[in-house]
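Please see the structure below; I have some questions.
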Amino acid sequence: MKLLQAMYVLNLVKLPKMTKYEIEKLIREQMICRIAFRGTEYPYIAPFQYVFMNGSLYFHFTDYGRKMELLVRNEPVCVEIEKAKPNMSEYGFVVLAGMLKIVADPKERAAAIKKMAKEGEQKLSESFLATHGFKKEDRWSSFTPDKPIIMVKLEKVFEAIGLKSP
């Protein structure tokens with residue numbers, strides 16, 4: 001068995017790493033990610049809309065659910081963003097490990113909310129607003145800084161990995 005394992009390792013093909021430019025390009029092109037939290041009994045992962053602004057990722061968190069419980073624990077998270085053709089002939093993904101922090105600065109918070117609303121209005125269905133805790137009849141114009149919207153920022157990124165198809 002050890003011989004087979006050794007042969008497998010020797011023949012293993014590794015995916016090419018992305019350049020810093022390719023990582024940022026993939027992040028800019030996408031708008032949905034997954035955030036993996038360190039749960040109590042097992043990891044917890046959930047999808048989020050994000051915006052990329054001033055070199056940072058911003059997310060909207062509703063004020064309920066497991067993610068809020070995990071956010072206040074102030075533990076490292078992994079953010080995963082991917083892009084793939086339907087037949088998987090081309091694919092790539094980025095994993096960023098860092099810390100999440102609630103955006104307290106009113107101007108920074110407002111800018112992130114406005115950008116998220118603009119991108120949502122341009123690229124997403126209004127029915128997607130339900131994932132942000134809005135009602136079925138609401139529109140993207142309802143997603144405004146005067147609402148009690150919690151914006152969270154990925155900070156202290158200590159690892160960024162990007163891999164792509166050969």
Side-chain angles (χ1 to χ4, degrees), residues 14-15 17-84 91-125 127-135 138 140-164:
K14 293 187 177 185
L15 294 176
K17 290 184 178 181
M18 290 183 178
T19 64
K20 187 175 178 180
Y21 171 79
E22 290 171 315
I23 289 172
E24 188 170 313
K25 183 176 185 287
L26 189 146
I27 291 170
R28 287 185 186 282
E29 290 174 349
Q30 303 303 308
M31 63 175 37
I32 304 296
C33 69
R34 288 167 193 80
I35 301 177
F37 298 85
R38 183 178 300 155
T40 50
E41 296 177 39
Y42 48 84
Y44 176 74
I45 188 167
F48 290 86
Q49 178 185 2
Y50 71 89
V51 292
F52 187 62
M53 189 175 77
N54 301 324
S56 295
L57 291 175
Y58 292 83
F59 317 91
H60 168 244
F61 277 32
T62 52
D63 63 352
Y64 56 85
R66 188 177 303 171
K67 66 193 166 304
M68 290 305 292
E69 295 168 19
L70 297 171
L71 176 66
V72 298
R73 289 173 44 188
N74 197 33
E75 294 184 322
V77 299
C78 281
V79 177
E80 186 268 349
I81 304 166
E82 62 193 52
K83 179 181 181 180
Y91 51 88
F93 67 91
V94 172
V95 176
L96 305 164
M99 304 296 290
L100 294 175
K101 182 179 177 188
I102 294 176
V103 178
D105 178 80
K107 289 181 182 178
E108 182 182 15
R109 178 185 164 277
I113 290 170
K114 288 175 184 177
K115 184 168 184 177
M116 186 170 283
K118 182 180 179 183
E119 289 186 9
E121 189 170 42
Q122 291 173 347
K123 301 174 184 177
L124 297 171
S125 164
S127 66
F128 188 78
L129 278 166
T131 66
H132 292 292
F134 283 78
K135 296 177 186 162
D138 284 330
W140 280 102
S141 58
S142 304
F143 198 89
T144 58
D146 63 317
K147 303 279 192 323
I149 293 172
I150 300 168
M151 294 304 291
V152 176
K153 180 179 181 179
L154 182 66
E155 292 190 330
K156 300 177 185 169
V157 175
F158 46 84
E159 186 172 34
I161 300 169
L163 299 177
K164 61 185 176 179

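Note that this is a predicted model, so its numbers are computed, not measured.
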Checklist entry - Which residues pass the side chain to side chain contact (heavy atoms under 4.5 Å, CB included) test with Leu163, sequence neighbours left out? => result Leu15, Lys17, Phe93, Ile161
Checklist outcome for this item: Taken in chain and number order and not counting sequence neighbours, the residues that satisfy side chain to side chain donor-acceptor pair (under 3.5 Å) with Glu80 are Arg34
Checklist entry - What residues form a salt bridge (Lys or Arg N to Asp or Glu O under 4.0 Å) with Glu24, not counting sequence neighbours? => result Arg28
Checklist entry - Lys114: what forms a salt bridge (Lys or Arg N to Asp or Glu O under 4.0 Å) with it, not counting sequence neighbours? => result none
Quick one: side chains of residues 45-56, donor-acceptor pairs under 3.5 Å with protein atoms, not counting sequence neighbours, listed by atom name and distance.
{"residue": "Gln49", "atom": "OE1", "partner": "His132", "partner atom": "NE2", "Å": "2.6"}
{"residue": "Gln49", "atom": "NE2", "partner": "Met116", "partner atom": "O", "Å": "3.4"}
{"residue": "Tyr50", "atom": "OH", "partner": "Ile27", "partner atom": "O", "Å": "2.7"}
{"residue": "Tyr50", "atom": "OH", "partner": "Gln30", "partner atom": "O", "Å": "3.0"}

Distance-only criterion, 3.5 Å: show the donor-acceptor pairs between side-chain atoms of residues 147-154 and protein atoms not counting sequence neighbours.
{"residue": "Lys147", "atom": "NZ", "partner": "Ser142", "partner atom": "O", "Å": "3.2"}
{"residue": "Lys153", "atom": "NZ", "partner": "Glu108", "partner atom": "OE2", "Å": "2.9"}

Next on the checklist: Going by side chain to side chain donor-acceptor pair (under 3.5 Å), name the residues that satisfy it together with Lys101, two or more places apart in sequence or in a different chain.
Outcome noted: none
Next on the checklist: Filter on salt bridge (charged side-chain N to carboxylate O under 4.0 Å, His left out), then keep only pairs touching residues 50-69, sequence neighbours left out; what's left?
Outcome noted: none
Item to check | Lys20: partners by side chain to side chain contact (heavy atoms under 4.5 Å, CB included), with sequence neighbours left out | outcome: none
Item to check | With Tyr21 via side chain to side chain contact (heavy atoms under 4.5 Å, CB included) - residues at least two apart | outcome: Thr19, Lys25
Next on the checklist: Please find the pair of heavy atoms, one from Leu129 and one from Phe143, that lie closest to each other, and give the distance.
Outcome noted: CD2-CD1, 4.2 Å
Item to check | side chain to side chain donor-acceptor pair (under 3.5 Å) involving Ser127 - partner list, sequence neighbours excluded | outcome: Ser125
Considering only distance and modelled atom types, tabulate donor-acceptor pairs under 3.5 Å from the side chains of residues 70-79, sequence neighbours left out.
{"residue": "Arg73", "atom": "NH2", "partner": "Arg38", "partner atom": "O", "Å": "3.4"}
{"residue": "Arg73", "atom": "NH2", "partner": "Glu75", "partner atom": "OE1", "Å": "2.8"}

